[in-house]
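Written out below as structure tokens is the structure these notes cover.
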Amino acid sequence: AQKITQTQPGMFVQEKEAVTLDCTYDTSDQSYGLFWYKQPSSGEMIFLIYQGSYDEQNATEGRYSLNFQKARKSANLVISASQLGDSAMYFCAMRDALGGGYQKVTFGIGTKLQVIP
Amino acid sequence: AAGVIQSPRHLIKEKRETATLKCYPIPRHDTVYWYQQGPGQDPQFLISFYEKMQSDKGSIPDRFSAQQFSDYHSELNMSSLELGDSALYFCASSLLRGNSGNTIYFGEGSWLTVV
């Protein structure tokens with residue numbers, strides 16, 4: 001079963017507007033973490049924001065916020081005041097707990113965001 | 001702040017050759033991960049190490065092997081290269097112990113092209 005689902009292959013947003021990138025996840029673990037990464041065309045994987053499963057507050061990092069709805073198993077990324085430099089591929093990822101406490105990250109297929117001037 | 005360092009950044013090899021990628025995790029991080037990202041694909045987990053011991057194995061071909069050394073750097077060895085091995089290879093590191101153990105940081109990746 002797909003652990004991370006990103007249903008928007010591509011999105012457009014007008015510069016200075018806000019945009020929401022969707023992410024749903026599936027896990028039976030009680031302790032897990034959710035991440036968003038940005039991958040520009042140059043290829044590097046840039047960490048944006050993290051939400052722990054026990055965190056009661058939604059995570060925020062500058063213009064990025066994570067809309068965490070645990071019951072719905074969703075972790076949408078909200079980018080406020082989009083900038084041209086936000087054009088990139090965005091990956092939602094989840095960290096599962098394994099036996100012994102070692103944890104790996106599973107990625108969704110990504111959403112390509114294009115910001116229009 | 002120091003980040004995850006990967007080398008080489010770009011590598012071109014012929015089929016059936018061998019390639020070695022190196023990764024230097026963020027200092028004091030105890031966990032290293034290797035991922036493979038094919039063109040237009042999401043990153044696929046290959047293998048991870050915790051405190052120099054292999055901790056998990058993903059979709060890593062038998063032709064590939066990896067290890068983590070006493071100084072915590074890691075190497076991914078790929079033999080009998082195939083055209084399909086052409087991809088961006090990421091190393092990532094995290095600190096599982098302690099309050100900052102939640103974030104996983106990636107290196108800039110190593111582009112491998114097999115011709």
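Below, chains carry the letters A, B, ... as their sequence lines are ordered, and counting in each starts from 1.
Contact annotation for B:Gln41: only backbone heavy atoms (N, CA, C, O) come within less than 4.5 Å of a heavy atom of chain A.
Between B:His73 and B:Phe69, the ring planes are parallel. Angles under 30° get that label, and only those over 60° would be called perpendicular.
The side-chain tip of B:Lys52 points at the ring of B:Tyr72 from less than 6.0 angstrom away and within 45° of straight on.
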For residues 13-24 of chain A, run the donor-acceptor check on the side chains, cut-off 3.5 Å, and write out each pair with its distance to 0.1 Å, sequence neighbours left out.
unit_1: A:Gln14; atom_1: NE2; unit_2: A:Pro117; atom_2: O; d: 3.0
unit_1: A:Asp22; atom_1: OD2; unit_2: A:Gln8; atom_2: NE2; d: 3.3

Using residues 10-27 of chain B as the side-chain source, report each donor-acceptor pair under 3.5 Å to any protein atom, sequence neighbours left out, with the distance given to one decimal.
unit_1: B:Lys13; atom_1: NZ; unit_2: B:Thr18; atom_2: O; d: 3.3
unit_1: B:Glu17; atom_1: OE1; unit_2: B:Glu14; atom_2: N; d: 2.8
unit_1: B:Thr20; atom_1: OG1; unit_2: B:Asn77; atom_2: OD1; d: 2.8

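Contacts from residues 107-115 of chain B to chain A, taken as heavy-atom pairs separated by less than 4.5 Å, involve B:Gly107, B:Glu108, B:Trp111 in sequence order.
The heavy-atom pair separating A:Ala75 from A:Leu34 by the smallest distance is CB-CD1, 3.7 Å.
Put simply, the residue from B:Val4, B:Val32, B:Thr31 that forms a side chain to side chain contact (heavy atoms under 4.5 Å, CB included) with B:Ser94 is B:Thr31.
A:Phe12 belongs to a hydrophobic cluster whose other members, connected by ILVMFWY side-chain contacts under 4.5 Å either directly or through intermediates, are A:Ile116.
Each of A:Met89, A:Met45, A:Gln39 has some count of heavy-atom pairs under 4.5 Å with chain B, and the biggest count is that of A:Met45.
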